[in-house]
Peer 1: 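Attaching a single structure in structure tokens format; questions to follow.
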Protein chains: 2
Amino acid sequence: MTTDLDLAFAALADPTRRAILSMLLEDDMAVTDVAEPFQMSLAAISKHLQVLADAGLISQEKRGRVKWCKLEPDALRAASVWMQGFGQFDPVDLDDFERFLEDEFKADTSD
Amino acid sequence: MTTDLDLAFAALADPTRRAILSMLLEDDMAVTDVAEPFQMSLAAISKHLQVLADAGLISQEKRGRVKWCKLEPDALRAASVWMQGFGQFDPVDLDDFERFLEDEFKADTSD
DNA sequence: GATAAGGTCAACCAGATGGTTGAATATGCA
DNA sequence: TGCATATTCAACCATCTGGTTGACCTTATC
């Protein structure tokens with residue numbers, strides 16, 4: 001049996017997919033634009049997006065020949081709830097978070 | 001490159017490992033006792049525990065011939081921080097959490 | 001010392017994952 | 001109509017994952 005939580009955590013386990021999610025924090029994006037900063041094929045990115053969509057972390061909508069990708073942060077709720085049960089974490093400093101994302105993104109696209 | 005976050009999320013993606021973590025919320029346990037409710041070999045559980053330890057989610061200490069497993073909830077902090085950046089989630093009702101864990105655990109050990 | 005208990009190791013297996021390439025399918029535009 | 005753009009599909013490949021079994025090592029106990 002594969003649960004929603006399995007899918008969500010598995011999707012988050014890949015740095016490319018986490019980088020994609022953080023890109024989508026800014027704005028909705030077309031598949032081609034999502035793929036641009038990465039050194040891998042468009043087909044590979046398309047697969048990553050499918051994994052994210054299956055986990056409910058993004059939605060995709062085709063308009064014309066462009067498929068738009070949109071973050072669905074609510075899907076992170078179950079996973080967040082699960083983790084919070086293990087400890088009471090302080091509220092997050094969003095500046096720290098942004099710096100964290102930048103570092104991760106650099107590490108992921110630069111090799 | 002495999003980051004801490006990769007390891008943490010990948011470890012959490014397996015329902016057996018999440019069940020183990022929730023068992024360890026109660027108390028420290030020996031490997032054999034961790035394995036008892038699961039319908040799989042001791043070797044398989046031993047591997048799962050190794051994955052959790054590699055991700056820093058648990059620690060293991062050998063006393064005599066017994067290896068004790070201990071939850072390390074702090075290791076969830078980075079993952080929790082990462083997710084909280086995507087949305088401000090309400091504080092969690094711990095009763096809900098316990099019911100959630102029970103359901104998940106039943107689903108995982110009963111087939 | 002012999003035997004039992006707690007755990008891990010090594011080899012193996014099936015299936016999933018993350019990537020590639022080349023062909024195919026829509027859609028938009030001149 | 002014909003070409004370019006956006007995206008997926010299909011086949012393939014190497015590696016990882018989650019499980020098995022049987023042998024092995026260490027520590028207790030009789």
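The chains referred to below are lettered A, B, ... by the order of the sequence lines, with proteins before strands, and numbering in each begins at 1.
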Peer 1: Around atom CG of A:Asp4, are there more than 12 heavy atoms from other residues, nucleotides or ligands closer than 6.0 Å?
Peer 2: no
Peer 1: So, taking the atom named CG in B:Asp54 and the one named CG in B:Leu7, what distance separates them when rounded to the nearest 0.5 Å?
Peer 2: 7.0 Å
Peer 1: At their closest point, which heavy atom of A:Ala10 faces which heavy atom of A:Arg17, and how far apart are they?
Peer 2: O-NH2, 3.2 Å
Peer 1: Take atom CH2 of A:Trp68 and atom P of D:dT5, then tell me their distance rounded to the nearest Å.
Peer 2: 17 Å
Peer 1: Nearest 0.5 angstrom please: B:Cys69 SG to B:His48 NE2, how far?
Peer 2: 13.0 Å
Peer 1: Determine: side-chain N/O of B:Ser46 to OP1/OP2 of C:dG7, distance under 4.0 Å, yes or no.
Peer 2: no
Peer 1: To the nearest 10 degrees, how far apart in direction are the end axes of the helix from C:dG1-D:dC30 to C:dA30-D:dT1, each fit to five base pairs?
Peer 2: 10°
Peer 1: Under a 4.5 Å side-chain heavy-atom rule over Ile, Leu, Val, Met, Phe, Trp and Tyr, are A:Val51 and A:Leu42 clustered together?
Peer 2: no
Peer 1: From CG of A:Asp33 over to C1' of D:dT5, roughly how many Å is that when rounded to an integer?
Peer 2: 12 Å
Peer 1: From B:Leu21 CG over to B:Leu52 CG, what is the distance, rounded to the nearest 0.5 angstrom?
Peer 2: 5.0 Å
Peer 1: If I take atom CD from residue B:Glu72 and atom CG from residue B:Leu76, how far apart are they, to the nearest 0.5 angstrom?
Peer 2: 10.5 Å
Peer 1: What distance do A:Ile20 atom CD1 and A:Leu25 atom CG have between them, rounded to the nearest 0.5 Å?
Peer 2: 13.0 Å
Peer 1: Establish whether A:Trp68 and A:Val34 are linked, either directly or via other cluster members, by ILVMFWY side-chain heavy-atom contacts under 4.5 Å.
Peer 2: no
Peer 1: When clusters are formed by joining ILVMFWY residues with side-chain heavy atoms under 4.5 Å apart, either directly or through shared neighbours, do B:Leu49 and B:Val66 land in the same one?
Peer 2: no
Peer 1: Test of understanding: clusters of I, L, V, M, F, W, Y form through side-chain heavy atoms closer than 4.5 Å, transitively. Do A:Phe38 and A:Leu57 belong to the same one?
Peer 2: yes
Peer 1: If you assign A:Leu42 and A:Val66 each to the DNA chain C nucleotide with the nearest heavy atom, which residue ends up on the more 5' nucleotide?
Peer 2: A:Leu42
Peer 1: Atom CD1 of B:Ile45 and atom P of C:dC9: how far apart are they, to the nearest Å?
Peer 2: 16 Å
Peer 1: In whole angstroms, how far is the C1' atom of C:dA16 from the CG atom of B:Asp14?
Peer 2: 13 Å
Peer 1: Whole Å only: how far is the CG atom of A:Asp6 from the C1' atom of C:dT17?
Peer 2: 15 Å
Peer 1: Rounded at 0.5 Å granularity, tell me how far CE in A:Met29 sits from CD in A:Glu36.
Peer 2: 8.0 Å
Peer 1: Might you list the N or O atoms of the protein lying below 3.5 Å from N or O atoms in nucleotides 10-13 of chain C, with each pair's distance?
Peer 2:
none

Peer 1: To the nearest angstrom, how far is A:Arg63 atom CZ from C:dG28 atom P?
Peer 2: 12 Å
Peer 1: Can you tell me which nucleotide in C:dT8, C:dG19, D:dT7 comes closest to the side chain of A:Thr32?
Peer 2: D:dT7
Peer 1: Measure the distance from CD on A:Glu36 to C1' on D:dT5 and round it to the nearest whole Å.
Peer 2: 16 Å
Peer 1: Between D:dT20, D:dG18, C:dT20, which nucleotide has the shortest distance from any of its atoms to the side chain of A:Met40?
Peer 2: C:dT20
Peer 1: Measure the distance from CZ on A:Phe38 to P on C:dG18 and round it to the nearest whole Å.
Peer 2: 14 Å
Peer 1: Tell me whether the side-chain N/O atoms of A:Arg65 come closer than 4.0 Å to OP1 or OP2 in C:dC29.
Peer 2: no
Peer 1: Can you identify which nucleotide, out of C:dT20, D:dT21, D:dA6, has its nearest atom closest to the B:Ser41 side chain?
Peer 2: D:dT21
Peer 1: Between residues 48-62 of chain B and DNA chain C, which residues have a heavy-atom gap below 4.0 Å?
Peer 2: none
